[in-house]
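Below you'll find the structure, written out as structure tokens, and then a few comments.
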Amino acid sequence: MKKILSVVLAIGMMFTLGAFPASASTNDSMDSIEQEMFDYHRMCDETTGNILEKYDTLLNGPNDVDYVSLATSLSMDKSDRIAAMNFITQIYNTADDAELVYLKSYIQSYAPYTEEENLHQFCNRLAVEAPYVQVSYNRTDSTNYALDYYNSINPDYPDLHSLGGDCANFVSQCLFAGGKSMTGDWYIEKLNSNYPAPENVTQLDNSWKLADPSPWISAKEFNNFWSDYATTFEYKVTEYETDHRTIYSNSILGGDVVQLLKPVLWWYEGMHTMIIVGYDVPERDFIYAAHSSDTKDSSILGNICNASNGKYDNYHLKFFHIT
């Protein structure tokens with residue numbers, strides 16, 4: 001995959017979540033970026049389909065199964081993508097490392113939104129097998145970092161505001177500050193100080209080393225990666241609004257992460273990444289910090305559930321309890 005595509009996945013935040021109203025030109029820009037994201041994800045799905053075609057031919061010879069069409073299906077009927085995922089479970093252990101990046105991302109993106117227990121179990125197996133070094137997590141250090149840098153940039157990391165959004169990048173820094181070690185595709189390395197705030201992918205690649213696609217800077221890939229290493233709770237935004245007092249009693253603490261997931265046909269994808277830094281005890285609600293909207297004291301009820309015109313009513317909230 002060409003590195004130029006990773007600019008799309010650098011987008012951690014499309015909306016200001018109540019910070020200020022967007023102008024018409026800003027809305028046009030956001031619509032364009034969202035279309036780029038959709039096109040990028042479809043391209044990744046097509047690559048997954050090509051990988052499946054390769055192994056289908058090796059195992060079964062030429063036949064009439066079009067795995068590219070199955071893997072990229074935009075039908076509300078889940079059966080096409082389920083068929084693609086079932087074949088992934090069959091050939092997963094045969095694929096090479098480069099192919100596994102696509103296969104794992106694909107099945108983690110779509111399997112949770114099916115009713116197929118075998119696919120759920122396969123995702124759980126991937127989580128158990130994830131090669132991550134468990135280290136103690138210091139929530140105080142993580143939240144202090146968030147409060148220190150919620151409206152500024154640590155020069156050890158890129159400022160990605162000009163590449164569509166900095167939210168996943170910011171929350172990744174918070175987790176690292178809390179003691180989580182870089183591993184797998186979740187890493188970043190500063191190469192030089194030429195482009196502290198890259199405005200295009202060429203500049204990003206010149207000064208920073210990242211996986212492609214990167215869960216360090218991509219909200220979608222952050223979701224896939226950290227679902228393996230955290231206890232997760234997922235709710236409809238409207239469910240949180242009506243039942244937040246019950247949800248508040250779950251094991252969700254300062255230093256944990258919450259994502260806003262956007263509906264795409266029958267599945268959901270990470271769109272905005274936030275870190276919990278406090279509590280509204282009387283309202284039984286969580287206070288979060290984030291970049292792109294650059295906030296340290298926004299509430300889920302106030303900024304997401306009560307967004308104008310019910311903007312996020314069809315979205316999901318996903319909490320990651322980091323251990």
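Residue numbers start at 1 and run along the sequence shown.
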* Enumerate the residue pairs fulfilling salt bridge (Lys or Arg N to Asp or Glu O under 4.0 Å) with a member in residues 140-157, sequence neighbours excluded, ordered by first and then second residue. => none
* Could you note down all residue pairs passing salt bridge (Lys or Arg N to Asp or Glu O under 4.0 Å) where residues 54-73 supplies at least one of them, sequence neighbours left out? =>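 Pairs touching residues 54-73 that pass the test: Lys54-Glu99.
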Is there a donor-acceptor contact under 3.5 Å linking the side chains of [X] and [Y]?
X      : Y      : value
Ser142 : Lys180 : no
Asn206 : Asn194 : yes
Ser172 : Asn169 : no
Thr273 : Gln259 : yes
Glu269 : Ser109 : no

* **Lys236 vs Asp243, salt bridge (Lys or Arg N to Asp or Glu O under 4.0 Å): CA-CA, chis, key distance, verdict** => CA-CA 10 Å; Lys236 297 177 182 178; Asp243 201 29; over 6 Å; no
Indicate the atoms forming the closest heavy-atom contact of [X] with [Y], along with that distance.
X      : Y      : answer
Leu52  : Leu103 : CD2-CD2, 4.2 Å
Phe319 : Ile247 : CE1-CG2, 4.4 Å
Tyr55  : Ala95  : OH-CA, 3.2 Å
Glu221 : Ser105 : OE2-OG, 3.2 Å
Asp285 : Gly302 : OD2-N, 4.4 Å

Ignoring hydrogens and angles, tell me if any N or O in the side chain of [X] forms a donor-acceptor pair with the backbone of [Y] under 3.5 Å.
X      : Y      : answer
Thr242 : Thr238 : yes
Asp159 : Ala197 : no
Asn303 : Ser298 : no

Mind checking what makes salt bridge (charged side-chain N to carboxylate O under 4.0 Å, His left out) contact with [X], not counting sequence neighbours?
X      : result
Lys296 : none
Glu115 : Lys78
Arg139 : Asp256

* Asked: Taking only residues two or more places apart in sequence, or in another chain, which ones meet Tyr195 in a ring pair (Phe, Tyr, Trp, His ring centres under 6.0 Å)?
  -> none
* Asked: Who passes ring pair (Phe, Tyr, Trp, His ring centres under 6.0 Å) against Tyr149, sequence neighbours left out?
  -> Tyr145
* Are the ring centres of Phe320 and Trp226 closer than 6.0 Å? ->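 Aromatic pair excluded; centres sit 6.0 Å or further apart.
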Partners passing side-chain contact (heavy atoms from CB on, under 4.5 Å) against [X] (at least two apart in sequence or in another chain):
X      : answer
Glu117 : His120, Gln121
Ala307 : Lys311, Tyr312
Ser251 : His321
Asp97  : Leu100

* To do: For atom CG of Asn314, decide whether the heavy atoms of other residues, nucleotides or ligands shown that lie under 6.0 angstrom number more than 12.
  =>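 Count not over threshold, so no.
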* To do: Begin with the C-alpha distance, continue with both residues' side-chain angles, and end with the deciding distance and a verdict on salt bridge (Lys or Arg N to Asp or Glu O under 4.0 Å) for Arg81 and Asp45.
  => CA-CA 10 Å; Arg81 288 181 182 254; Asp45 292 346; 3.1 Å; yes
* Going by heavy atoms in the side chains, are Ile276 and Ile287 under 4.5 Å from each other? -> no
* Does any non-hydrogen side-chain atom of Trp216 lie less than 4.5 Å from one of Tyr157? -> yes
* To do: Quickly, which of Tyr235, Phe233, Tyr268, Trp267 forms a ring pair (Phe, Tyr, Trp, His ring centres under 6.0 Å) with His316? Name it, please.
  => Tyr268
* **Contact list for residues 68-94, test ring-ring contact (aromatic ring centres under 6.0 Å, His included), sequence neighbours left out** =>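 Passing the test, one end in residues 68-94: Tyr67-Phe87, Tyr92-Phe122.
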